[in-house]
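Heads up, the thing below is written out as structure tokens.
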Amino acid sequence: MEDKTSSFKIILGSSSIARRQILAEMGYEFTLMSADIDEKSIRKEKPEELVMALAEAKAEAIIQRLPVGDYGKEAEPTLLITSDQVVVYEGVVREKPADEKEAREFIKGYSGGHAATVGSVVVTNLKTGSRKGDWDRVEIYFHEIPDEVIEKLIEEGTVLYVAGGLIIEHPLIKPYVKDVVGTTDSVMGLPKALTEKLIKEAL
């Protein structure tokens, strides 16, 4: 895999393993920082506005911890990539489940139904201060999901740490995904095409 980051550096502002994996698949080398913001303190009516506000807040939180003056002096620019995602179910925004009970309710709701993910990407050029951001939406349709599969997912635990308790690439849930209108990388938290576009625009 060629390394595309020879003329600039990247910081991925996320602790998500899926996002890390996607950015690496795209051929980029990067360092990691996580924002650790209080996501619940940021509220917006529309899911698109919420994910954009959260991605920008993450960028601001990380920038405050960086010696930004150094980035202005360096020859090649450093790009900070932050993102956020929510699941929308029957018009309601879902974030990470509060507990196993809520995760169970979430997944039971998807069974035989449909949900959408709304994800944002914000790319900040630390050398120039230029910032580009956008969001995308993916619709996901499900077959009926058997109760024992839901219980196994809860027991295994990963669903407790993702927006809406939704992981379509999980081997237990994959067979019950009927249709995905959009791209899997977007559902996993980092839409490749959008990220690529914003990186070019921010440079």
Side-chain angles (χ1 to χ4, degrees), residues 12-20 22 34-62 81-124 131-145 150 153-154 156-170 172-174 176-195 198:
L12 176 62
S14 173
S15 51
S16 151
I17 293 166
R19 287 191 182 117
R20 214 179 297 176
I22 292 165
S34 75
D36 307 321
I37 59 165
D38 174 14
E39 298 191 10
K40 295 274 186 273
S41 67
I42 297 171
R43 297 291 87 177
K44 298 276 177 201
E45 266 319 280
K46 293 189 171 132
E48 297 81 4
E49 289 172 6
L50 177 63
V51 293
M52 287 302 295
L54 283 164
E56 288 183 6
K58 288 176 182 177
E60 286 308 320
I62 289 170
I81 300 175
T82 49
S83 54
D84 194 75
Q85 185 186 48
V86 292
V87 169
V88 182
Y89 176 74
E90 293 182 347
V92 179
V93 167
R94 289 181 163 181
E95 293 172 85
K96 289 171 190 150
D99 49 32
E100 291 188 357
K101 182 173 170 284
E102 190 169 53
R104 190 176 290 112
E105 278 166 24
F106 282 0
I107 302 166
K108 273 188 193 298
Y110 306 139
S111 180
H114 112 281
T117 57
V118 177
S120 61
V121 181
V122 169
V123 179
T124 308
R131 176 174 290 172
K132 302 290 175 187
D134 210 347
W135 56 271
D136 83 342
R137 182 181 174 112
V138 179
E139 305 288 333
I140 305 144
Y141 295 86
F142 292 93
H143 296 293
E144 297 288 336
I145 307 166
I150 296 175
L153 279 165
I154 306 276
E156 193 255 2
T158 319
V159 292
L160 298 167
Y161 303 100
V162 292
L166 184 79
I167 318 180
I168 63 165
E169 72 279 9
H170 194 293
L172 282 168
I173 208 88
K174 225 177 187 170
Y176 304 100
V177 176
K178 193 187 334 187
D179 197 16
V180 177
V181 185
T183 63
T184 307
D185 43 71
S186 179
V187 179
M188 287 171 72
L190 196 68
K192 290 181 181 176
L194 179 60
T195 304
L198 295 170

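What you are looking at is a predicted structure, and each value in this text was computed from that prediction instead of being measured. Computed from heavy atoms alone, side chains included, the values below leave out hydrogens, waters and symmetry copies. Residues take their numbers from the sequence shown, with the count starting at 1.
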- Note on the structure: Between A163 and R94, the two heavy atoms sitting closest are CB-O, 4.2 Å
- Query: What is the distance from atom OG of S15 to atom CG of D36, rounded to the nearest 0.5 Å?
  - Reply: 7.0 Å
- Distance, nearest 0.5 Å, that separates CG of L50 from OG of S120: 8.5 Å
- Contacts of R20 that satisfy salt bridge (Lys or Arg N to Asp or Glu O under 4.0 Å) - sequence neighbours left out: none
- Task: In sequence, state the C-alpha distance, the side-chain angles, and the governing distance for T195 and I22, and then conclude on side chain to side chain contact (heavy atoms under 4.5 Å, CB included).
- Result: CA-CA 10 Å; T195 304; I22 292 165; over 6 Å; no
- Query: Is there any salt bridge (charged side-chain N to carboxylate O under 4.0 Å, His left out) pair reaching into residues 179-189, and which pairs are they, with sequence neighbours excluded?
  - Reply: none
- Rounded to the nearest 0.5 Å, how far does OH of Y176 lie from CG of L153? 9.5 Å
- Task: Begin with the C-alpha distance, continue with both residues' side-chain angles, and end with the deciding distance and a verdict on side chain to side chain contact (heavy atoms under 4.5 Å, CB included) for I140 and V87.
- Result: CA-CA 10 Å; I140 305 144; V87 169; over 6 Å; no
- Note on the structure: What one should report as the nearest heavy-atom pair of E39 and R43 is O-NH2, 3.2 Å
- Message: Does any part of the side chain of V159, heavy atoms only, come nearer than 4.5 Å to the side chain of P97, both counted from C-beta?
- Response: no
- Closest non-hydrogen atom pair between A103 and L160, with its separation: CB-CD2, 3.7 Å
- Using the test side-chain hydrogen bond (donor to acceptor under 3.5 Å, both in side chains), find all partners of T184 that sit at least two apart in sequence or belong to another chain. none
- Under 6.0 Å between ring centres, would you say that holds for H114 and Y141? yes
- Message: Treating T82 as the side-chain partner and A55 as the backbone partner, does any N or O pair qualify as donor plus acceptor under 3.5 Å?
- Response: yes
- Task: Would you sort out whether T183 and K192 count as a side chain to side chain contact (heavy atoms under 4.5 Å, CB included), showing the intermediate values?
- Result: CA-CA 9 Å; T183 63; K192 290 181 181 176; over 6 Å; no
- S111 side chain to I145 backbone, donor-acceptor under 3.5 Å: yes
- Query: Can you name the closest pair of heavy atoms from G13 and I62 and give their distance?
  - Reply: CA-CD1, 3.4 Å
- Who pairs with Y89 by ring-ring contact (aromatic ring centres under 6.0 Å, His included), at least two apart in sequence or on another chain? Y110
- Sequence neighbours excluded, every pair satisfying salt bridge (charged side-chain N to carboxylate O under 4.0 Å, His left out) that has a member inside residues 101-115: K101-E105, R104-E151, K108-D147
- Answer yes or no: does atom NZ of K40 have more than 12 heavy-atom neighbours from other residues, nucleotides or ligands under 6.0 Å? yes
- Closest non-hydrogen atom pair, V138 against V181: CG1-O, 3.3 Å
- Roughly how far, to the nearest 0.5 Å, is OG of S83 from CG of D134? 13.0 Å
- May I have all residue pairs that pass side-chain hydrogen bond (donor to acceptor under 3.5 Å, both in side chains) and include part of residues 46-58, sequence neighbours excluded? K58-D84
- Task: Measure the CG-CD1 distance between L172 and I167 for me, rounded to the nearest 0.5 Å.
- Result: 9.5 Å
- Close side-chain approach of L166 and F142, heavy atoms under 4.5 Å: yes
- Message: Can you tell me how far apart CG (L190) and OG (S16) are? Round to the nearest 0.5 Å.
- Response: 8.0 Å
- Nearest heavy-atom neighbours spanning T117 and Q85: CB-NE2, 3.6 Å
